[in-house]
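Got a structure for you, questions after.
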Amino acid sequence: MFLPENIDLAQSEKYILSIRLVPDGFSFCIFSPSDQSIFHYQKKAFSKNLSSIENIKKTFFEVNFFSQPFQRVLVTIVSPRYTIVPDIYFEKKRAKDIFEFNIHGRSGKVLNNYIAEGACHVLFDLDEEVYSFLCRNLWNPSFFSCKALLLPFFTNYQAGNGRKRCFVNFHDEMISVTCFSGTQLLSANTYPDKEKYDALFNIVNVWEKQSLNQNSDLLILLGNLPDYKESIDTLKKLIKNVEPIKLTSENEDHIPTDILLAFGVEQKEKNEESRVKSQESRVKSQDKRQKTLNFKF
C-alpha cells in the first residue's frame with residue numbers, strides 16, 4: 001500500500017495511527033503530532049461478499065504495518081449507535097444496561113468516552129469479535145466514538161455569543177446533528193442519509209424540536225459540504241445565520257471532521273508539552289546560573 005516518502009515506518013514510534021471504522025468501509029490516517037507536513041489519509045471500501053470482521057482481517061493482511069509500535073493508536077467508530085450520559089448519573093458497572101436501555105438491538109462490546117468539556121460520557125458499542133481482533137493486532141489501541149471526538153470542539157465553539165447553536169456534520173452517508181445553548185448540550189443524534197431529502201428533513205425537524213430561532217440562532221455546517229450544496233442552499237433560505245466551516249484547504253480531498261479535529265488536538269498537546277519543557281529548561285538554566293554566581297561570590 002502506497003505511503004508518502006516522508007513517512008518512515010522504521011521509526012513508527014514518531015507517528016500516530018488513526019483507524020476509522022464505518023459500516024461499509026475502513027480508513028486510516030498516519031500523522032506526526034510534531035510535524036504538520038506529515039499527514040496521510042487513505043480509505044478502503046469493504047467487499048459486500050465478506051462480513052465486517054472478514055473485511056477487517058483482509059485489510060490487516062494487505063496492510064502489514066498496522067501492528068507496529070506507533071506513538072499512539074486511535075480507533076474511531078462511526079455509527080449512530082451511541083448515547084450520552086451526564087457524569088452525575090454514570091456508573092461504569094451499569095454502562096451496558098444504560099446503553100441497552102437507550103439503544104435498540106443486541107449490543108456488542110460497550111465502550112465509553114468521558115468528555116470533560118461537557119461532564120458527560122458517550123457510550124457506544126463495537127462488535128465483540130472486531131474489538132477482540134483489534135486489541136490483539138494493534139499496539140495498545142484507544143477506542144473512540146466519532147461523536148466523542150466532535151463534542152469538545154462543538155461545546156466551546158462560539159459558546160459565549162448568547163445564541164443557540166446547531167452543528168451539522170455531513171459524513172459517511174449520515175448526518176450528525178448536535179445542539180447547544182452556551183456550553184449546555186441540548187441534543188445529539190446521528191441519522192442515515194440515503195435519500196435526497198433525508199438531511200433537510202432531519203435538520204429542520206431537530207431545529208423545530210429544540211425551538212431554535214430561524215432569525216437569531218446559528219446553524220454551523222461541517223464535513224463533506226461539496227456533496228450537499230443543494231441542501232445547504234435550501235437551508236440558507238430557511239435559516240438566516242448559516243456558517244459553513246472548512247477545516248482543509250480547497251485543493252484537498254474530503255477528510256472526515258473527526259480525524260482533522262483529532263489531528264489538531266494532538267498537535268496542540270505536543271506544542272503545549274514542548275512549551276512546558278522549554279520553560280522548565282529555562283528555569284533550570286537560571287537556577288544553575290544563580291548557584292554559580294552565589295558560589296563565585
- [ ] With ring pair (Phe, Tyr, Trp, His ring centres under 6.0 Å) as the test, would you mind laying out the steps for Tyr15 and Phe31 before giving the verdict?
- [x] CA-CA 6 Å; Tyr15 310 122; Phe31 62 89; 9.5 Å; no
Task: Within 6.0 angstrom of Phe201 CZ, more than 12 heavy atoms from elsewhere - done: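 No, CZ of Phe201 has 12 or fewer neighbouring heavy atoms, counting only those of other groups under 6.0 Å.
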Open item on the list: Do Lys164 and Ser216 pair up side chain to side chain, a donor and an acceptor below 3.5 Å, judged on atom types alone?
Closed with: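 No pair is found: no donor N or O on one side chain lies under 3.5 Å from an acceptor on the other.
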Open item on the list: Treating Asn55 as the side-chain partner and Ser52 as the backbone partner, does any N or O pair qualify as donor plus acceptor under 3.5 Å?
Closed with: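 Not at all, since once roles are kept as given, no pair shorter than 3.5 Å links the two residues.
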- [ ] Any chance you could lay out the ring pair (Phe, Tyr, Trp, His ring centres under 6.0 Å) test for Tyr157 and Phe153, step after step, and finish with the verdict?
- [x] CA-CA 6 Å; Tyr157 187 83; Phe153 174 76; 5.3 Å; yes
- [ ] State the CG-SG distance between Leu185 and Cys120, to the nearest 0.5 angstrom.
- [x] 6.5 Å
Open item on the list: For Ser67 versus Trp139, what's the shortest heavy-atom pair and its separation?
Closed with: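 Heavy-atom minimum between the residues: O-CE3, 4.4 Å.
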Task: Side-chain heavy atoms of Asp227 within contact of Leu225, under 4.5 Å - done: no
TODO: Would you indicate whether the side-chain heavy atoms of Val122 and Leu151 approach each other to under 4.5 Å?
DONE: yes
- [ ] Would you check if Tyr131 and Leu111 make a side-chain contact, meaning some heavy-atom pair closer than 4.5 Å?
- [x]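 Result yes, sub-4.5 Å side-chain heavy-atom pair found.
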- [ ] Would you please test Arg81 and Asp125 for salt bridge (charged side-chain N to carboxylate O under 4.0 Å, His left out) and show each step?
- [x] CA-CA 7 Å; Arg81 290 176 57 84; Asp125 73 336; 2.9 Å; yes
TODO: State, with a plain yes or no, whether a side-chain heavy atom of Leu21 is found less than 4.5 Å away from one of Thr76.
DONE: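 A side-chain contact under 4.5 Å is absent here.
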Open item on the list: Looking at Thr83 and Leu123, would you say the former's side chain and the latter's main chain have a donor-acceptor pair under 3.5 Å?
Closed with: no
Open item on the list: Do Asn169 and Leu150 make a side-chain contact, defined as non-hydrogen atoms from C-beta onward lying under 4.5 Å apart?
Closed with: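 In contact.
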- [ ] Mind running side chain to side chain contact (heavy atoms under 4.5 Å, CB included) on Glu13 and Gln68 for me, showing each step along the way?
- [x] CA-CA 8 Å; Glu13 66 280 356; Gln68 291 189 221; over 6 Å; no
TODO: Identify the two heavy atoms, one from Pro192 and one from Asn202, that lie closest to each other, and give their separation to 0.1 Å.
DONE: O-ND2, 4.3 Å
Open item on the list: Using the rule that Ile, Leu, Val, Met, Phe, Trp and Tyr join whenever any side-chain heavy atoms are under 4.5 Å apart, tell me whether Leu200 and Leu219 fall into a single cluster.
Closed with: yes
- [ ] Verify whether one side chain among Asp87 and His121 offers a donor that lies under 3.5 Å from an acceptor in the other.
- [x] yes
TODO: Could you tell me whether the side chain of Asn113 and the main chain of Phe124 form a donor-acceptor pair under 3.5 Å?
DONE: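 Checked: no pair found.
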Task: Smallest separation among heavy atoms of Thr155 and Arg165, with atom names - done: O-NH2, 3.2 Å
Task: Val242 with Ile245, same ILVMFWY side-chain cluster at under 4.5 Å - done: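 As far as the 4.5 Å side-chain criterion goes, Ile245 and Val242 are not connected within one cluster.
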TODO: Go through Glu129 and Lys57 one step at a time and tell me if the side chain to side chain contact (heavy atoms under 4.5 Å, CB included) criterion holds.
DONE: CA-CA 11 Å; Glu129 191 175 359; Lys57 287 180 177 179; 4.0 Å; yes
Open item on the list: Which heavy atom of Trp207 sits nearest to which heavy atom of Asn213, and what is that distance?
Closed with: CZ2-O, 3.6 Å
TODO: Report yes or no: does Tyr228 contribute a side-chain atom to a donor-acceptor pair with the main-chain N or O of Ala199 at less than 3.5 Å?
DONE: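 Between the backbone of Ala199 and the side chain of Tyr228 there is no qualifying donor-acceptor contact (under 3.5 Å).
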Open item on the list: Could you measure the distance from the CD atom of Gln71 to the CG atom of Asn140? Nearest 0.5 Å is fine.
Closed with: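 Between Gln71 CD and Asn140 CG, I get 12.5 Å after rounding to 0.5 Å.
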Task: Straight-line distance of His171 NE2 to Ser176 OG, nearest 0.5 Å - done: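 Interatomic distance, His171 NE2 to Ser176 OG, rounded to 0.5 Å: 3.0 Å.
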Open item on the list: Could you check whether any side-chain N or O of Asp258 sits under 3.5 Å from a backbone N or O of Leu149, counting only pairs where one atom can act as donor and the other as acceptor?
Closed with: no
Task: N/O donor-acceptor pair under 3.5 Å between Arg20 side chain and Ile259 backbone - done: no
- [ ] Identify whether Ile115 and Phe99 are in the same connected component of the hydrophobic contact network (ILVMFWY, side-chain heavy atoms under 4.5 Å).
- [x]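 As far as the 4.5 Å side-chain criterion goes, Phe99 and Ile115 are not connected within one cluster.
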Open item on the list: One pair to check against salt bridge (charged side-chain N to carboxylate O under 4.0 Å, His left out): Asp35 and Lys14. What are the steps and the verdict?
Closed with: CA-CA 10 Å; Asp35 185 348; Lys14 290 184 176 181; over 6 Å; no
Task: Exercise: identify the closest heavy-atom pair between Ser187 and Val206 - done: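 Smallest interatomic distance, heavy atoms only, reads OG-CG1, 4.2 Å.
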- [ ] Quick one: sort the Phe167 and Phe154 rings into parallel, tilted or perpendicular, breaks at 30° and 60°.
- [x] parallel
- [ ] I would like to know whether Asp233 and Lys229 meet salt bridge (charged side-chain N to carboxylate O under 4.0 Å, His left out); could you show each step before the answer?
- [x] CA-CA 6 Å; Asp233 289 342; Lys229 184 179 184 304; 3.0 Å; yes
- [ ] State, with a plain yes or no, whether a side-chain heavy atom of Lys240 is found less than 4.5 Å away from one of Gln214.
- [x] no
Task: Least distance between heavy atoms, Phe263 atom then Ser32 atom - done: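 Closest approach of Phe263 to Ser32, heavy atoms only: CE1-O, 4.0 Å.
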TODO: Answer whether the closest heavy-atom distance between the side chains of Phe46 and Val22 falls below 4.5 Å.
DONE: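 In short, these two side chains do not touch, never coming nearer than 4.5 Å.
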Open item on the list: Salt bridge check, Glu54 against Lys58: does any charged N sit closer than 4.0 Å to a carboxylate O?
Closed with: no
- [ ] Indicate yes or no: does Arg106 engage Glu100 in a salt bridge with an N to O separation below 4.0 Å.
- [x]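 A salt bridge is absent here (no side-chain N lies under 4.0 Å from a carboxylate O).
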Task: Side-chain heavy-atom pair Val78, Met174 within 4.5 angstrom cut-off - done: yes
- [ ] Nearest 0.5 Å please: distance from the CG atom of Leu212 over to the CG atom of Asn241.
- [x]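 Going from CG on Leu212 over to CG on Asn241, the span is 11.5 Å.
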Open item on the list: Taking side-chain contact (heavy atoms from CB on, under 4.5 Å) as the criterion, tell me which of Thr234, Leu238, Val168, Asp198 meets it with Ile203.
Closed with: Val168
Task: For Phe60, the option from Phe66, Phe65, Phe28 that meets ring-ring contact (aromatic ring centres under 6.0 Å, His included) - done: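 Going through Phe66, Phe65, Phe28 one by one, the ring-ring contact (aromatic ring centres under 6.0 Å, His included) with Phe60 is satisfied by Phe66 alone.
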Task: From CD (Glu128) to CD1 (Ile53), nearest 0.5 Å - done: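 These two atoms lie 11.5 Å from each other.
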- [ ] May I have the step-by-step check of side chain to side chain contact (heavy atoms under 4.5 Å, CB included) for Phe133 and Ile56, ending in yes or no?
- [x] CA-CA 9 Å; Phe133 175 81; Ile56 291 171; 3.8 Å; yes
Open item on the list: Between Ser107 and Lys96, do the side chains contain a donor N or O and an acceptor N or O under 3.5 Å apart?
Closed with: yes
- [ ] For side chain to side chain contact (heavy atoms under 4.5 Å, CB included), just list the numbers for Ile19 and Leu138, CA-CA rounded to whole Å, side-chain angles, deciding distance to a tenth of an Å, and then say yes or no.
- [x] CA-CA 10 Å; Ile19 288 175; Leu138 293 171; 3.8 Å; yes
Open item on the list: Would you compute the distance between atom CG of Leu221 and atom CD of Glu243 and round it to the nearest 0.5 angstrom?
Closed with: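 Here the rounded value is 9.0 Å.
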